[in-house]
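Beneath this line is the structure, given in structure tokens, with notes to follow.
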Protein chains: 2
Amino acid sequence: MAKSSHSLAAQVYARLRQEIMGGTFAPAEPLRLAQLKDRYGVGFSPLREALTRLTAEGLVAAEPMRGFCVAPLSLEDLRDTMDTRIFVETAALKRSILHGDDAWEARIVATLHAFKLQLARRDESDPESRETLENRHRDFHFALVSASGSARMQAIIENLYLGSARYRVLRPGDRSAYLARNLEEEHTAIAEASLARDTDQACALLAEHYRRTAESLELAHRRQLGAATAAQ
Amino acid sequence: MAKSSHSLAAQVYARLRQEIMGGTFAPAEPLRLAQLKDRYGVGFSPLREALTRLTAEGLVAAEPMRGFCVAPLSLEDLRDTMDTRIFVETAALKRSILHGDDAWEARIVATLHAFKLQLARRDESDPESRETLENRHRDFHFALVSASGSARMQAIIENLYLGSARYRVLRPGDRSAYLARNLEEEHTAIAEASLARDTDQACALLAEHYRRTAESLELAHRRQLGAATAAQ
DNA sequence: GAGTGTTAAATTTTCGAATATACTTGTTTT
DNA sequence: AAAACAAGTATATTCGAAAATTTAACACTC
């Protein structure tokens, strides 16, 4: 029982993705097949398939005949990603406000509530608590733009989210800037403006929210770069 | 000699992609591994890798334990794709006009010239001639947005182009609507407005260009649907 | 000592057999 | 006849050995 109906490749993909996002494998770190084969207890085929998928999604980089490595991070990519997110998500939010029905509103209310609950009980020292918070945060933002009516935009938004989430602050000590923000207020304001169908206000608040996030991520990324350099 | 340095998987990927785009495999047609294995003379591994990549890019659909098939087309997807293209590419053009340097201008002039040459000598009865025209058309449009300064946007644009190019009219007889347009004039006008740094005009012309394209593709797609239904 | 070729080791990539899953066809049961 | 079941067939998926390629180590020349 509890036997997953997914193929092995899909399972490996999920685990690998989680471990890259979680920092088990550092950016630019080589991903040796033999090593991963042992770690996951699978053959080459599903491994390769998972890595190929992750490569197409931008989480992994592949060099012909030289294997795979975790895709590197850079300040440039972070800025690009966050700028593009703001651009695409504000447009998607605008359309969602225009077309959103009751289910859309309900989904926003629901995900915001769940996010607030976790925000209140969060424990920064517990990785699992941090992950739950991150997931609920993501769910809320996806809910906001879920009525855009464009599957293509949805896919783009998900991919960009994935790309930016890699810059999350991994070390608890570096999360002070993030935590100093009044996240409950920021998200509530975005939700209220959206539900009130105040397009301009909602988009402005969302953009500002992401600009703050970008700033916070940039700061943390710089600090991490510094730490990495110092550690050499 | 002439031995490709690419891996087998990359070669299979390129061929498969070309054959899907070219209509060798019809939309929604199952892609049987044994059949492809024979056709390309390779083993399962590179085949699977190529199919996985194409799946991530949206050209192929995969069902767990049931293999792969060519991703289906639909009027809904066509509209979504073209709308999103207009949205993203006009923004990218705007930024390119803002940041574009001499190399950007030169690239526009060069690709437009090459496109015009092929337009003049085009032979609708020759598939190769049609493909060359399509490639040069693509090159011009990529050149327009090549100075956006955003690698993420670039990637999105390329993926959306790929998605929409599948709706190209494949049968020569159905290209009348496409050919009736004054393509030389349309593209020249876009290039001129861009080089003159007239952002609003350039974006308006580009959007209009894509709206016409969308219309033409919709027409052809409907016709093809009708033909497919009638043929049953 | 810097450069150059040569062998050995490590690693990726590919192949085809082996396995697991889905589909088909025919049979039985109700 | 419809539904449920049961082989048998077709197909996708996975494995581990084999082949191809890159990297490392080492000796040799200039």
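Because the structure is predicted, anything quoted here is derived from the model rather than measured. Protein chains get the first letters and strands the later ones, always in sequence-line order, with residue 1 at the start of each.
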### Query
Going by the angle between their ring planes, with limits at 30° and 60°, are B:His209 and B:His141 parallel, tilted or perpendicular?
parallel
Look at the aromatic rings of B:Phe87 and A:Phe87 and report parallel, tilted or perpendicular, splitting at 30° and 60°.
parallel
Backbone of B:Ala92 reached by a side-chain donor or acceptor of B:Ser148 within 3.5 Å: no
Rounded to whole Å, the CG-P distance (B:Leu47 to C:dG16) equals 13 Å
To the nearest angstrom, the CD-P distance between A:Gln35 and C:dT11 comes to 10 Å
Mind checking whether B:His137 and B:His187 have side chains closer than 4.5 Å, heavy atoms only? yes
A:Asp139 meets the side-chain contact (heavy atoms from CB on, under 4.5 Å) criterion, sequence neighbours left out, with A:Thr111
Donor-acceptor contacts under 3.5 Å from residues 101-109 of chain B side chains, at least two apart:
residue, atom, partner, partner atom, Å
B:Asp101, OD1, B:Ala103, N, 3.2
B:Asp101, OD1, B:Trp104, N, 3.0
B:Trp104, NE1, B:Ala143, O, 3.2
B:Trp104, NE1, B:Leu144, O, 2.9
B:Glu105, OE2, B:Arg197, NH2, 2.6

Which atoms of nucleotides 14-18 of chain D (N or O only) lie under 3.5 Å from a protein N or O atom, and what are those distances?
residue, atom, partner, partner atom, Å
D:dT14, OP1, A:Leu8, N, 2.4
D:dT14, OP1, A:Ala9, N, 3.2
D:dC15, OP2, A:Gly43, N, 2.7
D:dC15, N4, A:Ser45, OG, 2.6

Using nucleotides 7-11 of chain D, report all nitrogen or oxygen pairs with the protein that are shorter than 3.5 Å.
none

Which is true for A:Leu31 with a 4.0 Å heavy-atom rule: it touches a base, it touches only sugar-phosphate, or it touches nothing? sugar-phosphate
Distance-only donor-acceptor hits, side chain of residues 19-30 of chain B, under 3.5 Å, sequence neighbours excluded:
residue, atom, partner, partner atom, Å
B:Glu19, OE1, B:Arg39, NH1, 2.8
B:Glu19, OE1, B:Tyr40, OH, 2.6
B:Glu19, OE2, B:Arg39, NH1, 3.0
B:Glu29, OE1, B:Ala26, N, 2.8

B:Phe68 meets the ring-ring contact (aromatic ring centres under 6.0 Å, His included) criterion, sequence neighbours left out, with none
